[in-house]
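This report refers to the structure that appears directly beneath it.
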Number of protein chains: 2
Amino acid sequence: MPNEKRPPFAENVTADDVAIAAGVSRWTVNRAFRKDASISPKSLQKVMVAAERLGYLPDLRAASLASDRSNLVALLIDDFANPHKLVMMERLTRILRREGWDILLVNTLNRDDAGHALLNASQRRVDAVILIGIQFDDDVLETALQARRFRKLIVFARSSENPNTISIAVDDVGAMTELARYVHRRGYRRPLFLAGPQSYSAHLLRKETFLEYWGKHFSFRPESVTVPAYDPALAGTIVMETLSHRGPSDLPDVIVCENDALAMGASDVIRHKLGLEIPKDIAITGFDDVPQADNPNYRLTTYRQPLTEMVEYLVKVLADPEERDLNRLFTGRLIPRHSA
Amino acid sequence: MPNEKRPPFAENVTADDVAIAAGVSRWTVNRAFRKDASISPKSLQKVMVAAERLGYLPDLRAASLASDRSNLVALLIDDFANPHKLVMMERLTRILRREGWDILLVNTLNRDDAGHALLNASQRRVDAVILIGIQFDDDVLETALQARRFRKLIVFARSSENPNTISIAVDDVGAMTELARYVHRRGYRRPLFLAGPQSYSAHLLRKETFLEYWGKHFSFRPESVTVPAYDPALAGTIVMETLSHRGPSDLPDVIVCENDALAMGASDVIRHKLGLEIPKDIAITGFDDVPQADNPNYRLTTYRQPLTEMVEYLVKVLADPEERDLNRLFTGRLIPRHSA
DNA sequence: TCTACATTTGCTCGCGCGAGCAAGAAAAAT
DNA sequence: ATTTTTCTTGCTCGCGCGAGCAAATGTAGA
């Protein structure tokens, strides 16, 4: 072998180059980089030394093309105003990467765009699509499933009744029942439910659970208000519109919110615009336990989803070759803080 | 042509299938999906009709492999505690997608992991890598550039003096000078600078600019404190440690923060733990203008980076074939609010 | 109508790797 | 030592597409 001195990390080093340098065949080189392949320790060593020296790394596009597994998942997200998304992304990216999955991030602009986003992802032949968002109603899921170029469609952090999707979510009924019971026991009697956009039926789960609980125990259905986006500022505006013209006796004594984003928006206007005190004048509960919920401005009583556990389950789902029912609901934990 | 009735969106429809259905060659089919290719309107029409019927979409892995352009960029992010990241991601994902770029999202866990993350991305043969984070010091950039399997290394929202990277950032010196002048003119005289982790020299720019401005006008160098992460809670802790044992006359009259995340953390402890009023007792300024800066709890005087403009420039950089100096600094806008 | 030129189409070859098989080497059993 | 079994290696072929050229088709001018 001549004492060739090529620069380290030259452009476009291919398995053939490494094969020549290591004195083995091209296939042995590729095998060295696959953990399932059978290769002798000696060849592995030789290949790795040569690869290191030449700066070789397998081309995952080619590997994917040849094997029809991309180790890529698409992450479709549509709601960047909700701080909870940042938490979910952090958890997902960290754990999926640890397990060898790469993530294609797609910002789904709006409901009509969801289909395009899906097709977009399918052109990269992703192995799975993870949906985190609010605009993925049944129609969207249906078109998504028709363009089946990916094996799995996972709806994360939302329950879905579509039989062809895998839903990994918190048990909304259980969670909201726990919250309702908490609010009940703390002595609140005039609740207002603040709901998010109700684009499909699963979104109604928290609201319905709460209203039914209350109906059962007090034989009246509490008032509820809908915010057309999970946007704190917008939630504030809506709450303001709803409450600003009421006398003190007409005000709710607790606002139960579908999530923390809404709760924080409500909290802001209650304190700063209506000049009321939380929880003395009006109490507030949220859902998700975003980092800001613990902030001294909010001290939000909320419900924490077991995100890590859910993502750990997600990676199992991704690895699962079988076609069976993989839906799963998780139980989280009520986090009592100052706001209620 | 037989009246074959295959199900729409069958699995693995390839260009050959469409070619047969449309009565053209395989290459004409692929050409129909490339906007630069020359193809007659008639064939285009035929191909598109057949493709639509069969549910065909080109395989971007194969296209990438054959053309050596992936239309993929890797987005390396390391700091999910800062809400500004969410804003940047929203802007980047939206605009890049509009321009036909897909995004590989990589969570860079820590400084040592940055190299791995880079190699990870390079295995997908991304066309460019965008770095948004704090842990990308010169060493990391250097190793990144050695493993040059991507054409461009873009440091976004941070200036970088590395000659081989493209830096798209706000003009920190100009911005901080404007902020310093504002603080100066508003009559504050005992500033404290709250800095983030100083992993490499560009991070010192805002701090140094402020301290020098003050030194020039008042011939003393203001006090400064360092927070080891851009984490609001941690910033609060550090501010608390620094100020809690001081008498009123020893307190700063303004805290100038390197960014909003730090400013919000500082604001929280000043109001809720020290029981002081903002801006009466202590004023605060931030940097970035995150959505929460406008929140009634903060009303933060801050500096808004022209993010959209910066991302629009980024897409131009991505499309630019030339090898020339593409670094650019942008000028933002001071947003005066209540906090200072 | 014929030539000159532009546009469109088809084709060969290769991008870098993996599946799966056959040949070869090594280990275990007889 | 010989046979059997197991492990390792090399190989053919194909994944789906694009570069770039050659052939075919179309268009304009004389």
Side-chain angles (χ1 to χ4, degrees), chain A residues 10-48 50-51 54-72 100 102 122-127 149 321, chain B residues 10-48 50-51 54-72 100 102 122-127 149 321:
Chain A
E11 297 210 18
N12 252 12
V13 185
T14 167
D16 286 301
D17 303 335
V18 178
I20 294 170
V24 297
S25 74
R26 203 253 303 156
W27 298 271
T28 304
V29 173
N30 290 134
R31 262 190 275 259
F33 284 88
R34 255 177 297 158
K35 63 174 192 298
D36 57 310
S38 112
I39 186 171
S40 72
K42 208 170 57 184
S43 324
L44 180 63
Q45 167 77 1
K46 276 195 297 185
V47 169
M48 285 312 189
L54 301 179
Y56 168 78
L57 280 177
D59 186 329
L60 257 37
R61 298 169 306 176
S64 165
L65 192 61
S67 72
D68 211 37
R69 296 205 64 246
S70 61
N71 271 292
L72 236 196
D102 284 338
S122 79
Q123 287 196 263
R124 300 269 174 201
R125 303 299 188 259
V126 296
D127 288 334
R149 308 214 75 133
Chain B
E11 297 210 20
N12 251 12
V13 185
T14 166
D16 286 300
D17 302 335
V18 179
I20 293 169
V24 297
S25 73
R26 203 255 301 157
W27 297 270
T28 303
V29 172
N30 290 133
R31 262 190 275 259
F33 283 88
R34 255 177 295 158
K35 64 175 191 298
D36 57 310
S38 111
I39 186 170
S40 72
K42 208 172 55 185
S43 327
L44 180 63
Q45 167 77 0
K46 278 195 297 184
V47 169
M48 284 314 189
L54 300 179
Y56 167 78
L57 280 177
D59 186 328
L60 258 36
R61 299 170 303 177
S64 165
L65 191 61
S67 72
D68 211 37
R69 297 204 65 245
S70 62
N71 271 292
L72 234 197
D102 284 337
S122 78
Q123 287 197 264
R124 300 268 175 201
R125 303 299 188 258
V126 297
D127 288 333
R149 307 213 76 132

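Order of the sequence lines fixes the chain letters, A, B, ..., with proteins taken first and strands second; residue numbering starts at 1 for each chain.
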Take the protein atom [atom1] of [X] and the nucleotide atom [atom2] of [N], then report the distance between them rounded to whole Å.
X	N	atom1	atom2	value
A:Leu57	C:dG16	CG	P	14 Å
B:Gln123	C:dG18	CD	P	11 Å
A:Leu44	D:dT9	CG	C1'	14 Å
B:Arg125	D:dC17	CZ	C1'	17 Å
B:Asp59	D:dG14	CG	P	18 Å
A:Asp68	D:dC13	CG	C1'	16 Å
B:Ile20	C:dG10	CD1	P	13 Å
A:Arg69	D:dG16	CZ	C1'	19 Å

Return the polar atom pairs (N/O with N/O) between nucleotides 19-24 of chain D and the protein under 3.5 Å, or none.
residue : atom : partner : partner atom : Å
D:dA19  : OP2  : B:Arg34 : NH1          : 3.1

- Map B:Thr28 and A:Leu65 onto DNA chain C by nearest heavy atom, then report which one ends up closer to the 5' terminus.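 The residue closer to the strand's 5' end, by nearest nucleotide, is B:Thr28.
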- Item | Toward the 5' end of DNA chain C, by each residue's nearest nucleotide, B:Lys42 or B:Ala62 | B:Lys42
- Message: Please pick, from C:dC17, D:dT9, D:dG18, the nucleotide with the shortest atom-to-atom distance to any side-chain atom of A:Ile39.
- Response: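 Closest nucleotide among those given: D:dT9.
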- Where the side chain of A:Val24 is concerned, which of D:dC17, D:dT9, D:dG10 is the nearest nucleotide?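 Selected nucleotide: D:dG10.
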- Query: Using rotation axes that map the C1' atoms of four end pairs onto the next four (five pairs an end), what angle separates the end axes of the helix from C:dT1-D:dA30 to C:dT30-D:dA1, to 10°?
  - Reply: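 Roughly 30°, once rounded to the nearest ten degrees.
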For [X] and [N], is the shortest distance between a side-chain N/O and OP1 or OP2 below 4.0 Å?
X	N	result
B:Ser40	D:dG26	no
B:Asn12	D:dC15	no
A:Thr14	C:dC15	no

Give a yes or no on whether the backbone of [Y] and the side-chain of [X] come within a donor-acceptor separation of less than 3.5 Å.
X	Y	answer
B:Asp127	B:Arg69	no
B:Asp102	B:Leu72	no
A:Gln123	B:Pro58	yes
A:Ser40	A:Ser43	yes
B:Ser70	B:Ser64	no
A:Ser67	A:Ala63	yes

- Query: Quick one: are B:Arg124 and A:Asn71 in side-chain contact, heavy atoms under 4.5 Å?
  - Reply: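 B:Arg124 reaches A:Asn71 side chain to side chain.
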- Tested for side chain to side chain contact (heavy atoms under 4.5 Å, CB included) against B:Leu54, the lone hit among B:Ile20, B:Val18, B:Thr14 is B:Val18
- Query: Do you know the tightest heavy-atom contact between B:Leu57 and A:Arg125?
  - Reply: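 Answer, listing the atom of B:Leu57 first, then A:Arg125: O-NH2, 3.0 Å.
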- Item | Check: B:Asn30/B:Arg34 side-chain N/O donor and acceptor closer than 3.5 Å | no
- On DNA chain D, more 5' by nearest nucleotide between B:Ser64 and A:Ser25 is A:Ser25
- Task: Select base, sugar-phosphate, or nothing to describe what A:Ser38 touches, counting heavy atoms under 4.0 Å on all strands.
- Result: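 Base contact - A:Ser38 has a heavy atom under 4.0 Å of at least one base atom.
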